[in-house]
Student: 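Below is one structure. I have some questions about it.
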Amino acid sequence: MESLRLCFHNFLSFHLSIIVKIFRWLFSPLPTIKRFPLFVPFIDGYISLLFRFSNLSPCTLDLDDQTTIHFWAPNHRRYDKPNLVLIHGYGGDAKWQFMYQVKSLAQSFNLYIPDLLFFGKSYTTRKERTEEFQAKCVVQGLKELGVRNCSMFAISYGGFVGYRMAEMNPEMVEKVVILSSGVGCSKDQKEEQLKKIGRDPVELLIPAKPEDLHVLVNLSIYNYNPFKWAPDYFLQEFIDMISRTYLKEKQELVHHLLSNHTDCRLPILNQETLLIWGDKDRVFPLMFGYQLQRHLGPRAKLEIIKNTGHAANIESPDSVNALIKAFILPQSKDLNG
């Protein structure tokens, strides 16, 4: 199934690039139209429809007079389904990162999908840039939505936030799934990994031009580049609309993440924890997965997806979804649902 998806992605990206080039040629005499965002809003709207067809609706919550958080939440919560919170990483808002999860997981869970602060429509004027503050805002939003218990699936930067959420709210968070996250890495390990990558982390995580985006995608995905055939015009449109909003605040989040704060004193979670890693991860290599598993002890297990890079949620979504269901759902349930 995932090899078929790979072929479809290459086919779609190639033909999309042709369509974009034709439209750009047609509109080239009209400079005001040429600068008007066209293709990314169309795709963003399509992903929104995918979320809506998965029984999800957007809602915006004012946590206080300084902080607003945006969620995708169930239209009708089913009490025979467990609650599952999806926490995204860098690289766009929650919609773009979980587009391959919602349809499958919504069949088995009540999904709650927040945009972290400074992503999508979530924002604060407060000065906190810690993962703990992000976690507190997610938890407060969940409580306002009536969620009292849940499991959690978090990827990359979201793993740092989700870990703190599980640590601070053991009465709420029942099971934890973390995908390819550097939780528990020391500052020296982070600096050594950045040397191997050879790029400024701010430029890498918050691309400013198409070349930067290509580097990020090639680093994150092992088997293919979904933007391989996309023209620079399309990529720049994506960057301007998705990655460059709240630029200063996102940069501050990166700087805090790389600072020497609490990772060396990482507490051990009480919850059962599933770690999922691509064996070709070049952002947080597999050794970090083994390290986190050892830290967590016998209540944690590590599942490795072969021939997959850092963004396993995009590259191998069927495998990721199946692992999540098998770990969280009662064994009596149909895990293919």
Student: Determine whether a donor-acceptor pair (N or O, by modelled atom type, separation under 3.5 Å) exists between the side chain of Lys190 and the backbone of Leu257.
Tutor: yes

Student: Would you mind checking if Glu191 and Lys195 are paired as a salt bridge, meaning a charged N to carboxylate O distance below 4.0 Å?
Tutor: no

Student: Strictly distance-based, threshold 3.5 Å: is any side-chain N or O of Tyr222 a donor or acceptor partner for the main-chain N or O of Arg282?
Tutor: no

Student: Does Arg52 use its side chain to pair, donor to acceptor, with the backbone of Ser57 at less than 3.5 Å?
Tutor: no

Student: Could you pull out the closest heavy-atom pair between Pro114 and Ile69, with the gap in Å?
Tutor: CB-CD1, 4.3 Å

Student: Measure the CZ-NZ distance between Phe53 and Lys103 for me, rounded to the nearest 0.5 Å.
Tutor: 11.0 Å

Student: Which pairs count as salt bridge (Lys or Arg N to Asp or Glu O under 4.0 Å) when at least one residue sits in residues 288-310, sequence neighbours excluded?
Tutor: none

Student: Is there a donor-acceptor contact under 3.5 Å linking the side chains of Ser48 and Lys95?
Tutor: yes

Student: So which of Lys175, Met165, Gln271, Glu174 actually passes side chain to side chain contact (heavy atoms under 4.5 Å, CB included) with Met152?
Tutor: Met165

Student: Would you mind reporting whether Cys59 and Leu145 have side-chain heavy atoms less than 4.5 Å apart?
Tutor: yes

Student: Between Phe119 and Tyr90 (judged by ring centroids, cut-off 6.0 Å), do the two rings come close enough to count as a pair?
Tutor: yes

Student: Distance from Gln134 atom CD to Cys137 atom SG, nearest 0.5 Å?
Tutor: 7.0 Å

Student: Would you call Leu235 and His214 a side-chain contact if the rule is heavy atoms closer than 4.5 Å?
Tutor: yes

Student: Would you confirm whether Glu132, through its side chain, and Arg164, through its main-chain N or O, come within 3.5 Å as a donor-acceptor pair?
Tutor: no

Student: Please round to the nearest 0.5 Å and tell me the distance separating atom CD1 of Ile304 and atom CG of Leu323.
Tutor: 11.0 Å

Student: Are Lys121 and Asp93 close enough for a salt bridge, meaning some N to O gap below 4.0 Å?
Tutor: no

Student: Of all heavy-atom pairs between Leu179 and Ala312, which one has the smallest distance, and what is that distance?
Tutor: CD1-CB, 3.8 Å

Student: List the steps and the verdict of side-chain contact (heavy atoms from CB on, under 4.5 Å) for Ser108 and Lys81.
Tutor: CA-CA 6 Å; Ser108 302; Lys81 291 182 178 181; over 6 Å; no

Student: I'd like to know if the side chain of Asn55 reaches the main chain of Pro74, judged simply by a donor and an acceptor atom lying under 3.5 Å from each other, with no hydrogens or angles considered.
Tutor: no

Student: Of the non-hydrogen atoms in Val176 and Phe327, which two are nearest, and what is the gap between them?
Tutor: O-CE2, 3.5 Å

Student: Evaluate the side-chain proximity of Phe133 to Thr124: yes if any heavy-atom separation is below 4.5 Å, no if none is.
Tutor: yes

Student: Kindly give the heavy-atom pair with the smallest separation between Val138 and Leu116, and that separation in Å.
Tutor: CG2-CD2, 3.9 Å

Student: Going by side chain to side chain contact (heavy atoms under 4.5 Å, CB included), Leu204 matches just one of Val254, Leu219, Asp212, Leu213. Which one?
Tutor: Leu219

Student: Within the side chain of Asp281, is there an N or O that forms a donor-acceptor pair under 3.5 Å with the backbone of Leu286?
Tutor: no

Student: Which heavy atom in Phe71 sits nearest to a heavy atom in Leu142, and how many Å separate them?
Tutor: CE2-CD2, 3.7 Å

Student: Rounded to the nearest 0.5 Å, what separation is found between the CD1 atom of Ile242 and the OG1 atom of Thr245?
Tutor: 7.5 Å

Student: Among residues two or more places apart or on two chains, list those pairs meeting ring-ring contact (aromatic ring centres under 6.0 Å, His included) that have a residue in residues 285-318.
Tutor: Phe284-His310

Student: Please walk me through it: do Lys250 and Ser243 pass side-chain hydrogen bond (donor to acceptor under 3.5 Å, both in side chains)?
Tutor: CA-CA 9 Å; Lys250 285 178 180 173; Ser243 298; 5.9 Å; no

Student: Of all heavy-atom pairs between Arg129 and Arg126, which one has the smallest distance, and what is that distance?
Tutor: NH1-O, 2.9 Å

Student: Find out whether Leu111 and Trp72 are in side-chain contact, i.e. whether some heavy atom of one side chain is under 4.5 Å from a heavy atom of the other.
Tutor: no

Student: For the backbone of Ala208 and the side chain of Gln236, can you confirm whether one donor and one acceptor N or O come within less than 3.5 Å of each other?
Tutor: yes

Student: Could you tell me if Asn223 and Glu315 have a donor-acceptor pair between their side chains, going purely by distance under 3.5 Å?
Tutor: yes

Student: Please confirm whether the backbone N or O of Gln101 pairs with a side-chain atom of Asn321, one donor and one acceptor, at under 3.5 Å?
Tutor: no

Student: Do side-chain atoms of Ser180 reach the backbone of Ser156 as a donor and acceptor pair under 3.5 angstrom?
Tutor: no

Student: Once you round to the nearest 0.5 Å, how far does CG of Asn110 lie from OH of Tyr112?
Tutor: 5.5 Å

Student: May I ask you to decide if Ala311's main-chain N or O and Ser220's side chain share a donor-acceptor pair within less than 3.5 Å?
Tutor: no

